[in-house]
There are 2 protein chains.
Amino acid sequence: MEQRIDRIKKQLHSQSYKLTPQREATVRVLLEHEDDHLSAEDVYMLVKEKYPEIGLATVYRTLELLTELKVVDKINFGDGVSRYDLRQEGADHFHHHLVCLECGAVDEIQEDLLGDVEKIVEKRWNFEIKDHRLTFHGICYRCRT
Amino acid sequence: MEQRIDRIKKQLHSQSYKLTPQREATVRVLLEHEDDHLSAEDVYMLVKEKYPEIGLATVYRTLELLTELKVVDKINFGDGVSRYDLRQEGADHFHHHLVCLECGAVDEIQEDLLGDVEKIVEKRWNFEIKDHRLTFHGICYRCRT
DNA sequence: TGTCAAATGATAATGATTATCATGACAATG
DNA sequence: CATTGTCATGATAATCATTATCATTTGACA
């Protein structure tokens with residue numbers, strides 16, 4: 001935990017941003033909820049518990065900043081809100097998601113399943129891939145009875 | 001064109017919806033811009049040319065209806081708006097997208113590249129896939145010089 | 001023709017996100 | 001130290017896409 005915060009701090013400094021207490025509190029919330037897919041409002045509520053004076057705008061700004069630095073990814077599952085998902089450290093690709101149409105759960109797939117597909121796309125469409133988003137919609141193992 | 005409209009009409013009727021003039025005008029716009037990824041506002045502007053009395057709400061309602069019937073797909077590329085993309089007739093999967101980070105162009109891949117990946121996901125995660133979304137972000141062939 | 005449900009258009013309401021702006025923290029400088 | 005300047009913050013207003021409301025219209029059918 002502390003090491004990860006330290007690395008994020010360095011990353012901020014390298015772009016001459018500071019790790020203010022508000023930003024640190026926000027990052028901690030994200031780390032403590034790594035498996036969730038929190039909206040800005042969700043993050044705001046959780047940060048308020050440890051830093052009650054924080055404002056919603058600051059949370060939005062921090063999340064935007066972290067997105068810029070590729071510490072988190074901003075994703076959208078089609079309900080009207082953006083969600084923020086911590087990137088795996090050192091991962092060279094963005095993980096995939098399984099969205100259950102039954103119960104709404106969102107599970108993650110950390111493995112990179114797109115290696116071959118990406119080769120084909122790069123070659124056949126002459127497209128230089130920088131990132132990808134892959135989401136499957138269906139019925140999760142819990143709801144399959 | 002006329003045949004496709006006819007089939008959409010039948011599809012609507014099968015769920016006891018009507019193909020009203022407003023809905024038909026909207027569908028025509030979508031067919032005429034099959035390669036684009038129009039927002040609701042875009043569609044509204046274009047429909048107004050052939051049906052000036054139409055209201056924005058009706059366009060939204062029609063797009064929602066068409067999404068429900070799986071005639072179109074509602075997609076989101078991370079700018080703040082939903083876009084509507086006509087499904088290929090008879091396609092059992094939703095096509096993929098290539099979003100250029102340089103020029104913003106959105107190209108489509110109609111081929112299904114995920115067959116093998118889906119088999120793995122179904123088996124290993126015990127997840128019953130109903131649909132998928134796959135978008136690559138990178139540099140398109142036009143911007144690669 | 002009269003009836004009724006569905007559809008429409010105008011517009012108000014909502015809700016997420018962004019912009020604004022005065023204030024505060026803090027580092028660098030004189 | 002006092003001063004200056006920059007960046008960050010918090011409160012709140014503004015924006016913008018989307019949804020809800022509601023009176024009116026349409027068209028099918030009795």
Side-chain angles (χ1 to χ4, degrees), chain A residues 5 8-9 11-29 37-69 71-85, chain B residues 8-29 37-69 71-85:
Chain A
I5 290 182
I8 291 170
K9 189 175 182 174
Q11 215 174 334
L12 282 164
H13 286 165
S14 77
Q15 317 261 332
S16 57
Y17 292 119
K18 288 174 268 187
L19 184 63
T20 62
Q22 291 91 337
R23 286 177 184 165
E24 184 174 333
T26 305
V27 168
R28 280 183 191 279
V29 163
H37 300 84
L38 304 174
S39 67
E41 198 78 27
D42 294 338
V43 174
Y44 176 56
M45 295 306 197
L46 290 165
V47 178
K48 261 185 119 51
E49 290 173 12
K50 54 178 71 170
Y51 201 110
E53 323 87 284
I54 202 168
L56 178 57
T58 300
V59 171
Y60 268 102
R61 281 185 289 236
T62 301
L63 291 171
E64 192 193 337
L65 181 59
L66 294 173
T67 303
E68 215 178 286
L69 295 179
V71 172
V72 302
D73 265 296
K74 193 174 175 178
I75 49 179
N76 194 300
F77 292 127
D79 53 348
V81 293
S82 293
R83 298 178 177 278
Y84 297 85
D85 206 351
Chain B
I8 291 169
K9 187 174 182 175
K10 287 200 184 95
Q11 216 175 332
L12 281 164
H13 286 165
S14 76
Q15 317 262 331
S16 56
Y17 293 118
K18 287 173 267 187
L19 184 64
T20 62
Q22 290 92 334
R23 287 176 183 166
E24 183 174 336
T26 305
V27 169
R28 280 184 191 280
V29 163
H37 301 84
L38 304 175
S39 66
E41 197 79 25
D42 293 338
V43 174
Y44 176 57
M45 294 305 196
L46 290 165
V47 178
K48 263 187 115 54
E49 289 172 12
K50 56 179 65 168
Y51 202 110
E53 323 88 283
I54 202 169
L56 178 58
T58 301
V59 171
Y60 269 101
R61 281 184 289 236
T62 301
L63 291 171
E64 192 192 335
L65 181 60
L66 294 173
T67 303
E68 215 178 286
L69 295 179
V71 171
V72 301
D73 265 297
K74 193 175 177 178
I75 49 179
N76 194 300
F77 292 126
D79 54 347
V81 294
S82 292
R83 297 178 177 281
Y84 297 85
D85 205 352

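Below, read A as the first sequence line, B as the second, and so on, with proteins coming before strands; counting in each chain starts at 1.
As a whole-Å value, the separation of B:E53 CD from C:dT11 P is 16 Å. Atoms CD1 (A:I54) and P (D:dT12) sit 16 Å apart, rounded to a whole Å. The distance from atom CG of B:D42 to atom C1' of D:dA17 is 12 Å, rounded to the nearest whole Å. Separating the CG atom of B:L56 from the P atom of C:dT8 is a distance of 13 Å, rounded to the nearest angstrom. Counting to the nearest Å, the C1' atom of D:dA8 and the NE2 atom of A:H13 are 13 Å from each other. Distance, B:D79 CG to D:dC16 C1': 13 Å, rounded to whole Å. The OH-P distance, from B:Y17 to D:dA28, rounds to 18 Å in whole Å. When the C1' atom of C:dG15 is taken as reference, atom CZ of A:R83 falls 14 Å away, rounded to whole Å.
B:R23 has a side-chain polar atom (N or O) that falls below the 4.0 Å cut-off from OP1 or OP2 of C:dA7. Within the structure, a side-chain polar atom (N or O) of B:T20 is placed less than 4.0 Å from OP1 or OP2 of C:dT8. When the side-chain nitrogen and oxygen atoms of A:Y60 are compared with OP1 and OP2 of C:dT18, none of them lie within a distance under 4.0 Å. Put simply, A:T58 has a side-chain N or O that comes within less than 4.0 Å of OP1 or OP2 on D:dG10.
Take the nearest nucleotide of DNA chain D for A:G55 and for B:E64: the residue whose nucleotide is more 5' is A:G55. Residue A:K18 is the one, among A:K18 and B:P21, whose nearest nucleotide of DNA chain D lies closer to the 5' end (criterion: closest heavy atom).
A 4.5 Å side-chain heavy-atom check between A:E24 and A:R28 finds at least one atom pair inside the cut-off. The shortest side-chain heavy-atom distance between B:L38 and B:V29 falls under the 4.5 Å cut-off. Side-chain contact between B:D42 and B:R83 is present, with heavy atoms from C-beta onward closer than 4.5 Å. When side chains are defined from C-beta on, B:K9 does not count as touching B:L12, because their heavy atoms never get closer than 4.5 Å. Two residues are said to be in side-chain contact when any heavy atoms from C-beta on lie closer than 4.5 Å; B:I54 and B:T26 meet this criterion.
Distances from the side chain of A:A57 to the nucleotides C:dT17, D:dG10, C:dA7 place D:dG10 closest. Set against D:dA8, C:dA7, D:dT19, the side chain of B:K74 has D:dT19 as its closest nucleotide.
Contacts of A:S82 with the nucleic acid, taken as non-hydrogen atoms under 4.0 Å apart, involve only primed sugar atoms and P, OP1 or OP2. When heavy atoms are screened at a 4.0 angstrom cut-off, B:E41 is found touching no nucleic acid atom at all. Residue-level contact check: B:Q22 touches the backbone only, with heavy atoms under 4.0 Å from sugar-phosphate atoms and none from bases.
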